[in-house]
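Here the structure is laid out as structure tokens; the discussion comes afterwards.
For clarity, every value in this text was computed on a predicted model and none was experimentally measured. Here is how names work: the chains are called A, B, and so on, in the same order as the sequence lines, proteins then strands, and each is numbered from 1.
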Protein chains: 2
Amino acid sequence: MDLNNRRTIRKFKSQDVSDETLRPLFEKAFRASTTGNMQLYSVIVTRDKGQKEKLAPAHFNQPAYANAPMVITFCADFNRFTKWCEQRNATPGYNNAESFACAVLDATIVAQTFCVAAEEAGLGICYLGTTTYNPDQIAEVLQLPKLVVPIVTLSVGYPDENPSCSDRLPIEAIVHQERYKDYTKEDIDRIYAEKESLEENKKFVEENHKENLAQVFTDIRYTKKDMEFFSQKLLDFIQKQGF
Amino acid sequence: MDLNNRRTIRKFKSQDVSDETLRPLFEKAFRASTTGNMQLYSVIVTRDKGQKEKLAPAHFNQPAYANAPMVITFCADFNRFTKWCEQRNATPGYNNAESFACAVLDATIVAQTFCVAAEEAGLGICYLGTTTYNPDQIAEVLQLPKLVVPIVTLSVGYPDENPSCSDRLPIEAIVHQERYKDYTKEDIDRIYAEKESLEENKKFVEENHKENLAQVFTDIRYTKKDMEFFSQKLLDFIQKQGF
């Protein structure tokens, strides 16, 4: 799968992904850029049926989770580096927001590089957005210590479907030259026109008895109430982990 | 440059990177996974000498910034999506931490996919860690509205150096099976042994008159005082942008 034609995979064959297959993917992923070469991440592989079942509620047992042979959780990790400092008579100061930001970037960069390598190798992946919803439950199952926060969970396996590429906004809608050019009413109409005109999206609106696609997002998929609930949960958990 | 041999580039030829070269890289990058297909990011290209000079202090005018023909700033952006919702009689609820987290992941995933595509195309990149230090100054120069926060800045250009790969921790130090296995004293010694034994790192310790490599990090490169200062600045700015 090349970068132009990649598709998220939500249906996987039952076939396991071996350690021999995974290792070179991790090797590639860990070559990615990292803040000051500190490698502020850890990766947890979940294959065991019991563990996967315990983790399921945190991911709302969504189909893309349930039918994957494995998931991999990428964590922001300042625990290992901090332990190293403490053991070397060096005083770490990494229990704060800036350190957390560095570790989040590191973990995400590695996760995405893993995805590119995995897709090149014929695997399929799906990002589970639930990771930032329920980091507390995930941390409990994976036994994450302080200064470790789960950031990205990927379902990984051999694809058992061949979906078409999903739509994207026009490039001009995303790329700004020199300065951010804020969007006029006309810009917004133009940018979202194609998305709104797609048959699958029209069907989506109809099925949900909404006036338009934007309302499907605000009233059903990503509601203010949910986002505020998960915000508080996320902030509490980050603080609990010591950042 | 394949993923196994990639190197960060800090010295660039003066040659410009054309829009014709950039466009297919953005096309690839924007195919990457994004939360609910919301594409919660914007990208700002800085080539203009005047703009690049104004942005320089925010990046401490570091050599990897100064000698690059261009930089690209990847922003977490809920402004565009929110405007769309408002224009469609839909009530957005995206001025909170969970929404910010989604947009940070989206922006970082796109930035890293851009890096992979750029390196494949013979370009070199360098992540500038200064973006989370001085997001306020960057936002001012790039005129970022509310709900837009700069997350990643990349120096981009044709490489004018051929550095060797930097060291990485052993894979076993990063990957955990089923559960996070916290590090014992012996684990830490073993994991960091190779890094500590490298000639370049020993030289680094000596030049900085420190006892060991960890102290170079805690006392010089990433001090508690700096991290706390930039934490407050970052948190204040995220709040100012409305998240």
Region of Asn95(B) that comes under 4.5 Å of a non-hydrogen atom in chain A: side chain

Stepwise side chain to side chain contact (heavy atoms under 4.5 Å, CB included) check, Leu105(B) with Thr132(A): CA-CA 10 Å; Leu105(B) 290 181; Thr132(A) 55; 4.2 Å; yes

Considering only distance and modelled atom types, tabulate donor-acceptor pairs under 3.5 Å from the side chains of residues 139-155 of chain A, sequence neighbours left out.
unit_1	atom_1	unit_2	atom_2	d
Thr153(A)	OG1	Thr131(A)	OG1	2.7
Ser155(A)	OG	Ala64(A)	O	2.7

Check: Tyr127(A) and Thr34(B) side chains under 4.5 Å, non-hydrogen atoms: no

Approximate separation, where rounding is to 0.5 Å, of Asn89(B) CG and Asn212(A) CG: 7.5 Å

Ala32(B), part contacting chain A, at a heavy-atom distance under 4.5 Å: both

Interface moiety of Gln87(B) toward chain A, non-hydrogen atoms closer than 4.5 Å: side chain

Chain B interface, residue from Ala117(A), Ala29(A), Ser166(A) that has the most non-hydrogen pairs under 4.5 Å: Ser166(A)

Aromatic ring pairing Phe81(B)/Tyr192(A), orientation class (parallel under 30°, perpendicular over 60°, tilted between): perpendicular

Heavy-atom side-chain contact between Val43(B) and His176(A) under 4.5 Å: no

Shortest non-hydrogen contact between Ser33(A) and Arg6(B), atoms and distance: OG-NH2, 3.4 Å

Side-chain heavy-atom pair Phe230(A), Asn96(B) within 4.5 angstrom cut-off: no

Contact leader toward chain B among Asp167(A), Thr223(A), Val104(A), where contacts are heavy-atom pairs under 4.5 Å: Asp167(A)

Residue pair Thr35(A) / Tyr222(B), side-chain heavy-atom distance below 4.5 Å: yes

Contacting moiety of Leu169(B), where chain A heavy atoms sit under 4.5 Å: both

Heavy-atom closest pair, residues Ser99(A) and Met227(B): OG-CE, 3.4 Å

Minimum-distance pair of heavy atoms, taken over all atoms of Gly36(A) and Phe217(B): O-CE2, 3.4 Å

Between Arg168(A) and Asn37(B), a side-chain donor and acceptor under 3.5 Å: yes

pair Arg47(B)-Gln177(A): side-chain heavy atoms closer than 4.5 Å: yes

Beyond-backbone contact of Cys85(A) with Gln215(B), side-chain heavy atoms, under 4.5 angstrom: no

Portion of Asp189(B) that has a non-hydrogen atom of chain A nearer than 4.5 angstrom: both

Between Cys126(B), Gly93(B), Ala101(B), the one whose heavy-atom pairs under 4.5 Å with chain A are most numerous: Gly93(B)

Part of Lys195(A) within contact of chain B (heavy atom distance under 4.5 Å): side chain

Side chain / backbone / both / neither for Asp182(B) at chain A, heavy atoms under 4.5 Å: side chain

Interatomic spacing from OG1 in Thr91(B) to CG in Asp219(A) - rounded to 0.5 Å: 7.0 Å

Asp48(B) backbone acceptor or donor facing Glu178(A) side chain under 3.5 Å: yes

Which atoms of Ile44(B) approach chain A - backbone, side chain, both or neither, heavy atom under 4.5 Å: both

More than 12 heavy atoms of other groups within 6.0 Å of Glu194(A) CD: no

Contact origin within Arg221(B) toward chain A - heavy atom pairs under 4.5 Å: side chain

Structural part of Phe229(B) lying under 4.5 Å from a heavy atom of chain A: neither

Residue among Phe26(B), Trp84(B), Tyr183(B) with most heavy-atom pairs under 4.5 Å to chain A: Trp84(B)

Sidechain-backbone polar pair: Gln112(B) side chain, Gln112(A) backbone, donor-acceptor under 3.5 Å: no

Min side-chain heavy-atom separation Arg31(A)-Leu3(B) under 4.5 Å: no

Nearest heavy atoms of Thr218(B) and Ala90(A), plus distance in Å: OG1-CB, 3.3 Å

Electrostatic pair Glu196(B)-Arg88(A), nearest N-O below 4.0 angstrom: yes

Interchain contact, Lys52(B) with chain A, by part (heavy-atom threshold 4.5 Å): neither

Interface moiety of Ile125(B) toward chain A, non-hydrogen atoms closer than 4.5 Å: side chain

Toward chain A, the part of Cys165(B) with a non-hydrogen atom under 4.5 Å: both

Inter-residue atom distance Phe74(A).CZ - Ile174(B).CD1, 0.5 Å rounding: 11.0 Å

Among Met38(B), Glu86(B), Arg80(B), residue most engaged with chain A (heavy-atom pairs, under 4.5 Å): Arg80(B)

Spacing of OG belonging to Ser231(A) relative to OH belonging to Tyr94(B), to within rounding of 0.5 Å: 11.5 Å

Contacts of type salt bridge (charged side-chain N to carboxylate O under 4.0 Å, His left out), residue Arg23(A), not counting sequence neighbours: Glu27(A), Glu172(B)

Test: Lys83(A) and Asp187(B) ion pair at under 4.0 Å: no

